[in-house]
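What you are looking at is a predicted structure, and each value in this text was computed from that prediction instead of being measured. Side chains are part of it too, since the values below use all heavy atoms of this structure and drop only hydrogens, waters and symmetry mates. Residues take their numbers from the sequence shown, with the count starting at 1.
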Amino acid sequence: MIIRKITIKNFRSYYGENEFDLKDGLTLIIGDNGDGKTTFFEALEWLFNTSTQDVKKSNISAKRRKELVDGESDEVKVSIAFQHEDGDKIVEKSFQFANEEGNIVTRDFVFKGYECYGAERSLTDGKALLDRCFDYDMRRYCLFKGENELNVFENDTALKALVAKFSDVRQFDKYVELSTVLEEKSDRNYKRELKSDSKTEKEAKRLDKIIEDLKGKISDAEKDLKKQQQVSDDFNVRIDDLANSDEVRTKYKEIQNRLATLQEKRSKVAEFCKINYNHKLLDDLWILCAFPDILKSYQIKVSGANRQRRRMNEKYIENRGRLKGQKDALTEITHNQEVGPELDWDIPGPQVLEEMIQDHRCKICGHPAPEGSPELEFMKQRLANYYKHLEDKNKEIDEQVKEAEKPLFQFNYLSELRTLSTTLSGENQRELSQLKNIIHDKIQFVAARKEELNKLDKQIEEMEDDKKNLLIQANLSESIIDKDIKDLRGYFHQKQIADDSIYRLKSEIKDYKEKKEELELEYSNLKPNSGMGKVYEKVHQVFQAIMKAFLQARKENLRHFINELTEHANKYLSKLNDGDFHGEVQIDVREDDKARIYLISNGERIMDPNGALKTTMYMSILFAISDITTQKREDDYPLIFDAPTSSFGEVKEDLFYNIIDSINKQCIIVTKDLLVKDEDTGASRIDERKLSNLKCSVYRIEKEAGFDSNDITTISTKVERIK
């Protein structure tokens, strides 16, 4: 699997569609803190995670989300185009997001793939295609975030999974399991026959009792041994952490003191920047700084508002009189309904309708309308509707009249505004005219403090980076480095107790097993009288021999696999540290197939390798694993690292990357290496001298200029290929 192109669209800071074209060797993606390095890495993690339909709104570009108008939609998409053994493929994960009445909603999660045949593309399931071309067991050795994740054997199950997936050992496991089961069954049957035989019954029962007792002791001792080994490992890690040089601790304290001084200074400067301009505008009357022009405009607007108020009041009074007249007229109609207005043009008046109902005859067409007839009911209904209309109209006008009787202007704000206009004249006007200078001086002062604050923040950030690099190089955590060195004695004491227990338990287990083997030999030397007993004896001997053969074969193949892995790792370790000391990689494997990686020199373990050497050791293991899995699976896969070289010195950056590029392996490394601070602007820029020494592909990612540092919706990562 060779990735040819990565496309990231609207994923967090990657606004719009962004493409990375890749080649077989190394591709560097360089960016400063906050420029989108980790986001690039996590976009690939999101794509490669086939176990979930993750459509989190937090993955949507904040800038693109803000731009969406009501009814508009867009998509979040991450895709890779890659070359596989049987052709070109594309895997794409995406989901839609839309603005629906001001709310952002997500829908239509899609995980699809394409298999390309010339100019044609065949659609397929993305998860199935990815699993087929780049299955989960290989993906766990592909993506690594930071230096701390490079040690894959930190996970106790990693070696088991690696062996099970890519070594020949897995072929022996089923035979070992089967032969062990058969050996145990044949052993039980043989011993049962011995205990029932008249010649061997007594001795067999005695031996069986002692052997079962030994089995229990061995099991208990092995459990205790496992616990003590874990205790020893834990204290070993703590001792390694605490056993670093005093120079590291001194540097750490120096950095901590300088950080404390900078942070104290920052707090004081930040206090000067805490100014609420909204409060200044009102409480300190800054809003009146352009007093003369504002006052004139203010007086004009107050005068205009008064005129408008009079016009509105006159119109309001006129409307209230009109409504009152309508109310009186309607009241008159209600009290004297027989003289009310006509109904619709084709309907007689209410008086005529009442006469027609009383006469049971239509006076328009002369048609009779006897009691109970539809015609009479129709006339009654029309008359009832008319009276209902009058009643509803009366209620409507009542409401309008009640509303009109309320005062149009309940407060006297305009009078207060006129009073304020008078108050602001004279002495107040002269005082307020000085506000322009006060405001200008204050803004200039705060701007200077903010600039000072930005410089302090950069100094603190650089100091924090120095502290992190120091801790990484020394393999220390802050919580441990701040402890008193006296803890080291306690750790050594506790580890010694655990190691003594381990030695004792191993010796006990060895003695128990030797005693058990002696008793088993005695058991096997018992000669039963019965013919069936002799048959069981032969069968047991055969199965026992088969089981031992498979166990030995598995052990030998595991040893061969570890030796091959170690050989490849040391080859890469030598390349990655060309011209520098590096020692040799050693992989220790326990009986439970758990592994630990060490560096040795002249047969002795290097107890405190520096951060750069430790990083190259772990990367060598990863390259070695890639080699072996490629051989076993006849398929390659890329290695993708996020900031794996933060502990490296600057002098090694370009040399190290050229070595990586020369290895026959596709690598993508996201880093802030090769960036230097511009002395004039303080911004980060590429070290052109080191860039010119590189042979690999290089992309520069950085935030688009003009963003607001307090508004995430203005952030957009710009992608530029520079080499």
Side-chain angles (χ1 to χ4, degrees), residues 137-138 140-142 144 147-173 176 225-226 228-230 232-237 239-241 475 495 499 502 506 551-577 580-633 637 639 641 644 663 665:
D137 291 291
M138 288 194 290
R140 69 186 299 177
Y141 301 106
C142 165
F144 302 94
E147 290 180 309
N148 293 333
E149 290 191 3
L150 295 177
N151 184 7
V152 292
F153 289 154
E154 192 72 31
N155 183 338
D156 288 337
T157 64
L159 182 61
K160 281 186 177 180
L162 190 65
V163 167
K165 193 73 177 179
F166 301 112
S167 81
D168 294 332
V169 176
R170 69 187 188 277
Q171 299 179 12
F172 290 91
D173 285 341
V176 169
L225 176 62
K226 186 175 181 180
Q228 293 302 322
Q229 284 175 331
Q230 185 63 53
S232 178
D233 287 346
D234 290 343
F235 280 113
N236 204 44
V237 171
I239 290 170
D240 285 348
D241 287 342
N475 193 27
K495 182 179 184 301
D499 288 344
I502 290 171
K506 283 185 175 180
L551 282 172
Q552 185 62 28
R554 185 190 187 282
K555 184 177 180 180
E556 287 298 315
N557 275 273
L558 178 59
R559 184 183 60 80
H560 176 75
F561 179 79
I562 295 299
N563 289 343
E564 185 180 8
L565 186 63
T566 305
E567 181 182 346
H568 282 264
N570 280 309
K571 177 184 69 175
Y572 285 114
L573 183 67
S574 177
K575 287 184 177 181
L576 295 177
N577 292 277
D580 201 353
F581 172 77
H582 51 76
E584 293 182 348
V585 172
Q586 177 175 304
I587 304 175
D588 286 346
V589 182
R590 294 180 182 171
E591 292 182 1
D592 54 3
D593 286 352
K594 293 181 181 178
R596 291 293 181 267
I597 309 170
Y598 305 109
L599 282 175
I600 61 171
S601 175
N602 297 322
E604 294 185 3
R605 179 182 170 189
I606 301 173
M607 297 302 296
D608 55 348
N610 62 51
L613 182 54
K614 188 175 292 187
T615 294
T616 55
M617 174 183 70
Y618 292 143
M619 293 185 76
S620 299
I621 291 289
L622 294 174
F623 285 128
I625 291 172
S626 177
D627 276 356
I628 291 176
T629 55
T630 299
Q631 293 171 8
K632 301 298 181 182
R633 298 289 297 266
Y637 60 89
L639 292 173
F641 302 97
I663 296 172
K665 164 64 61 177

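Ala569 and Ser620 make their closest contact through O-CB, 3.3 Å (heavy atoms, listed as atom of the first residue, atom of the second, distance). Of all heavy-atom pairs spanning Leu573 and Val585, the tightest one is CD2-CG2, 3.8 Å.
A donor-acceptor pair under 3.5 Å links the side-chain atoms of Thr566 to the main chain of Ile562, judged by distance alone.
With respect to Leu599, the side chain to side chain contact (heavy atoms under 4.5 Å, CB included) criterion is satisfied by exactly one of Gln586, His582, Met617: Met617.
Listed by chain and number, the residues in a side chain to side chain donor-acceptor pair (under 3.5 Å) with Glu584 amount to none (sequence neighbours excluded). Residues meeting the side chain to side chain donor-acceptor pair (under 3.5 Å) test with Asn563, sequence neighbours left out: none.
Within a 6.0 Å sphere centred on NZ of Lys571, heavy atoms belonging to other residues, nucleotides or ligands number more than 12.
Distance check, rounded to the nearest 0.5 Å: CD1 of Ile600 to CG of Asn570 gives 8.0 Å.
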